[in-house]
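The structure appears below as structure tokens.
Just so you know, residue 1 is the first one in the sequence shown, and it goes up from there.
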Amino acid sequence: MTSLLLRTAAALAVIGSSSAMAKDNNDFDYTVDRFADIEVLRYRVPGFEELPLQQKKLVYYLTEAALYGRDILWDQNNKYNLQLRDLLENIYKSYDGDKNNPQFKAFETYLKQVEFGNGIHHHYSMDKFTPAFTREFFADRVSRLPKDKQPENADILTKLIFDPAFMAKKVNQAEGEDLIMTSANNLYEGVTQAEVEAYFAAIKDTTDTTPVMYGLNTRVTKDDDGNVIEQQYKVGGLYSDAIVKIVENLEKASALAENQAQRAAIDKLIQYYKSGDLKDFDEYSILWTADTGSRVDFINGFIESYDDPLGMTGSWESIVNFKNLEASHRTEIISDNAQWFESHSPVDPRFRKDEVKGVTAKVITAAILAGDSYPATPIGINLPNSNWIRAAHGSKSVTIENITQAYDEASHGNGFNEEFVDDPAMRDMMDKYLFITDNLHTDLHECLGHASGKLLPGVDPDALKAHGSTLEEARADLFALYYIADPKLVELGLIDNPDAYKPQYYKYLLNGLMTQLMRIEPGKDVEEAHMRNRKLISEWVLEQGAANNVVSLENKNGKTYVRVNDYPALRNLFGQLLAEIQRIKSEGDYETGAALVEKYGVKVDPALHREVLDRYANLSIAPYKGFVNPVYTPVTDNNGNITDITVSYSEDYLPQMFRYSENYGTLGK
Ligand code: ZN
């Protein structure tokens with residue numbers, strides 16, 4: 001399964017580009033909270049106030065449908081997460097001791113981390129959080145809770161917090177291990193990887209040209225007789241209490257739909273949540289893809305499969321948004337020219353799409369982030385994920401510009417560029433062009449990259465298995481990198497300087513070779529698909545270009561700097577690797593794909609890693625960022641009719657989490 005959500009957000013934004021864009025937001029305070037390796041920001045929703053009332057109400061009910069899914073993701077991430085959250089929140093809220101007590105401070109940090117991870121594992125590294133408070137402090141606080149708030153399985157929850165080996169990794173990707181038995185998520189229970197693979201091999205019809213996305217909305221376990229079974233997420237099935245509330249709000253949204261196409265999509269989604277039938281989901285995806293005329297749009301469901309080591313089950317998520325009409329002009333130009341890009345791509349013509357279908361691209365303003373997109377969020381999305389639907393019906397691609405804007409604004413003056421870029425001229429170029437080229441990279445990655453290319457007939461879309469996500473992201477990134485340097489972009493008026501791609505190239509390599517390592521703990525490998533992808537691309541061009549000195553690493557005064565010595569040659573290397581990875585994907589060449597990932601994308605040079613961590617530590621930049629949502633409040637008249645929806649940005653991080661647990665907690669206990 002291809003996974004198409006661009007999760008580069010924090011990685012790109014942490015790179016501290018300060019843009020030369022007009023700043024009228026200086027009075028807006030972006031930073032909400034800072035703890036551990038996290039900075040929490042807020043984002044604005046420009047244009048919401050100007051929406052017609054009906055669209056405001058539509059957005060509002062869709063945001064309610066989004067927030068009601070929160071507990072689903074928590075439970076998918078680990079079967080104890082909801083109980084643990086309940087316990088931690090109760091301890092925190094009832095704490096009446098000294099708030100400056102280091103034990104309490106450490107507990108507070110841990111709670112904030114758990115809230116950010118939607119559970120006990122880090123959202124990105126997948127590792128369990130390490131508590132800095134003692135068992136004694138914890139046991140004491142538990143014992144002070146009223147009896148009805150003390151959990152029955154306090155011993156297991158204690159083990160979960162304090163035993164590093166117990167449920168250590170949310171998703172284990174280590175080659176050669178049973179990836180299901182060793183992953184702590186709750187997508188499988190009591191089954192081995194071999195059993196799951198045998199089960200799906202038996203039910204998959206390989207001659208079906210329009211296959212459903214097997215396992216997308218199910219938990220796989222065994223029945224009483226030991227047979228492998230799937231439990232569906234649906235009304236009346238798993239997570240019913242949450243899904244009922246989602247459906248209720250989708251029904252209200254349906255009544256407010258802007259047009260028939262949008263209503264048809266919402267109604268089909270409701271039908272799918274009721275039936276659990278993946279054919280309904282495919283029909284919904286087709287209707288959703290076809291709805292390109294509406295101002296308001298959303299995703300809501302079991303979508304991306306990064307949290308499943310086998311890449312099948314979708315994590316629940318939702319993003320509600322509306323089109324940024326002005327900025328969408330940019331992506332419309334790109335999608336209008338999609339066929340030109342496809343026909344000129346450096347890949348073997350056999351692997352190109354003869355006819356690029358319905359790639360629609362737009363720039364959107366996010367109104368709410370939820371489930372797997374909250375608090376850490378993507379900055380671009382290209383859906384649906386089903387390969388045959390994409391081929392037959394196209395896809396929708398978005399760049400979330402109020403989020404990229406928030407990242408950009410919040411990163412001003414953080415010292416990053418001064419530390420890692422020793423060439424003042426390059427820093428100037430970064431200031432001038434990174435905001436626009438970051439957005440263009442996202443547009444190209446999502447709108448064209450993921451949508452490009454085709455599989456040869458009979459190739460299993462899952463053939464690249466555990467490396468599928470990394471190679472798919474590499475393909476999309478390479479497509480973007482190759483074309484961001486193309487004179488066509490100047491010709492199309494998307495960029496005003498033919499050298500604007502250079503800071504984008506520079507920053508990409510700096511990130512892939514060095515700075516993204518600040519997210520990895522010493523001694524660990526790179527695991528996350530997007531990080532592996534960036535490392536793979538960067539290390540590959542460094543090695544392949546070595547003979548001609550295309551890219552190099554230079555040590556100056558004990559510090560390593562990236563040197564790009566030949567930009568046109570670098571672009572050629574990106575093109576070559578794109579052609580090779582497209583071939584791997586089109587032919588389902590698992591062996592070569594796995595070898596590429598293993599050789600270039602995984603292993604970390606310990607000395608360089610240490611250096612990056614040390615240089616970062618001096619800057620005190622949070623490696624990861626996420627967001628609190630705005631608060632939407634209906635205004636009603638005397639008869640209870642909604643006359644307006646207001647938006648406010650004043651809610652803080654933990655209060656928002658507690659409010660969500662209180663108001664949208666559907667599955668606890
Ligand atoms: Zn992507």
Side-chain angles (χ1 to χ4, degrees), residues 1-4 72 75-77 79 170-234 237-239 272 275-285 301-316 384-391 455-472 529 585 587-591 593-594:
M1 181 184 304
T2 47
S3 302
L4 301 158
I72 296 176
D75 194 72
Q76 284 185 303
N77 282 344
K79 63 181 173 184
K170 182 164 82 178
V171 184
N172 181 27
Q173 306 269 25
E175 194 87 8
E177 294 177 23
D178 185 316
L179 302 183
I180 287 181
M181 299 295 280
T182 55
S183 292
N185 63 35
N186 190 23
L187 308 177
Y188 302 91
E189 178 72 24
V191 284
T192 66
Q193 184 176 349
E195 286 170 334
V196 173
E197 285 173 348
Y199 168 82
F200 282 107
I203 64 166
K204 272 190 186 178
D205 174 2
T206 51
T207 62
D208 187 353
T209 53
T210 60
V212 297
M213 309 223 351
Y214 290 96
L216 185 69
N217 65 338
T218 61
R219 181 169 176 267
V220 180
T221 183
K222 284 185 183 164
D223 65 14
D224 293 341
D225 300 325
N227 304 307
V228 175
I229 54 163
E230 290 180 83
Q231 298 172 317
Q232 287 176 313
Y233 308 144
K234 64 173 185 174
L238 265 186
Y239 304 143
Y272 159 64
S275 72
D277 185 341
L278 287 170
K279 285 212 180 305
D280 285 340
F281 181 68
D282 281 352
E283 285 174 30
Y284 155 72
S285 297
F302 304 95
I303 310 289
E304 303 289 352
S305 54
Y306 298 97
D307 287 342
D308 178 354
L310 301 189
M312 303 184 76
T313 308
S315 299
W316 193 89
N385 278 338
S386 164
N387 279 304
W388 74 264
I389 294 178
R390 299 168 69 79
L455 303 182
L456 291 184
V459 170
D460 179 356
D462 296 334
L464 302 178
K465 297 186 235 179
H467 298 302
S469 294
T470 297
L471 292 166
E472 175 58 21
K585 169 140 180 159
E587 296 179 349
D589 180 358
Y590 174 80
E591 298 302 323

- Measure across Pro309 and Leu179 and return the closest heavy-atom pair with its distance rounded to 0.1 Å. CG-O, 3.4 Å

- Message: So Asp307 and Asn77, do their side chains get closer than 4.5 Å, heavy atoms only?
- Response: yes

- Note on the structure: Nearest heavy-atom contact between Glu230 and Val220 is CG-CG2, 4.1 Å

- Query: Closest approach of Lys222 and Val191, non-hydrogen atoms and distance?
  - Reply: CG-CG1, 3.8 Å

- Is the closest side-chain heavy-atom distance between Tyr272 and Leu278 below 4.5 Å? yes

- Query: How about Ser315 and Glu304: do any of their side-chain heavy atoms sit closer than 4.5 Å?
  - Reply: no

- Query: Measuring from Trp316:CH2 to Tyr239:OH, what's the distance to the nearest 0.5 Å?
  - Reply: 12.5 Å

- Task: Answer with yes or no whether the side chains of Tyr188 and Asp308 bring together a donor and an acceptor at under 3.5 Å.
- Result: yes

- Task: Begin from the C-alpha positions of Asp282 and Ile389 and carry the test side chain to side chain contact (heavy atoms under 4.5 Å, CB included) through to its verdict.
- Result: CA-CA 8 Å; Asp282 281 352; Ile389 294 178; 3.7 Å; yes

- Between Glu177 and Asn172, is any side-chain donor less than 3.5 angstrom from a side-chain acceptor? yes

- Apply side chain to side chain contact (heavy atoms under 4.5 Å, CB included) to the pair Thr218 and Gln231, showing each step before the final yes or no. CA-CA 5 Å; Thr218 61; Gln231 298 172 317; 5.8 Å; no

- Glu175 CD to His467 NE2 distance, which is reported to the nearest 0.5 Å: 4.5 Å

- Which pairs, with at least one residue in residues 204-218 and sequence neighbours excluded, count as a salt bridge (Lys or Arg N to Asp or Glu O under 4.0 Å)? Lys204-Asp462

- Rounded to the nearest 0.5 Å, the CD atom of Gln232 sits from the CG atom of Asp277 at a distance of 7.5 Å

- Spacing of CG belonging to Leu464 relative to CD belonging to Glu591, to within rounding of 0.5 Å: 11.0 Å

- Message: So, using salt bridge (Lys or Arg N to Asp or Glu O under 4.0 Å) as the criterion, who are the partners of Asp280 when residues are at least two apart?
- Response: none

- In this structure, OH of Tyr233 is separated from CD of Gln76 (nearest 0.5 Å) by 4.0 Å

- Message: Quick check against the 3.5 Å criterion: does Asn186 have a side-chain atom that pairs as donor or acceptor with the backbone of Asp75?
- Response: yes

- Tell me, with the steps shown, if Glu195 and Met181 meet side chain to side chain contact (heavy atoms under 4.5 Å, CB included). CA-CA 11 Å; Glu195 286 170 334; Met181 299 295 280; over 6 Å; no

- Interatomic spacing from CD in Gln193 to CG in Leu310 - rounded to 0.5 Å: 5.0 Å

- Sequence neighbours left out, what passes salt bridge (Lys or Arg N to Asp or Glu O under 4.0 Å) with Glu189? Give chain and number order. Lys79, Arg219

- Item | Residue pair Ile303 / Leu216: nearest heavy atoms and the distance that separates them | O-CD1, 4.0 Å

- Query: Of all heavy-atom pairs between Pro384 and Arg390, which one has the smallest distance, and what is that distance?
  - Reply: O-NH1, 2.7 Å

- Message: Using the rule side chain to side chain contact (heavy atoms under 4.5 Å, CB included), only one of Ser386, Ser305, Ser285 pairs with Met213; which is it?
- Response: Ser386

- Message: Restricting to non-hydrogen atoms, name the atom on Ile203 and the atom on Tyr214 that form the minimum distance, rounded to 0.1 Å.
- Response: O-OH, 3.7 Å

- For the side chain of Asn217 and the backbone of Gly276, is there at least one donor-acceptor N/O pair under 3.5 Å apart? yes

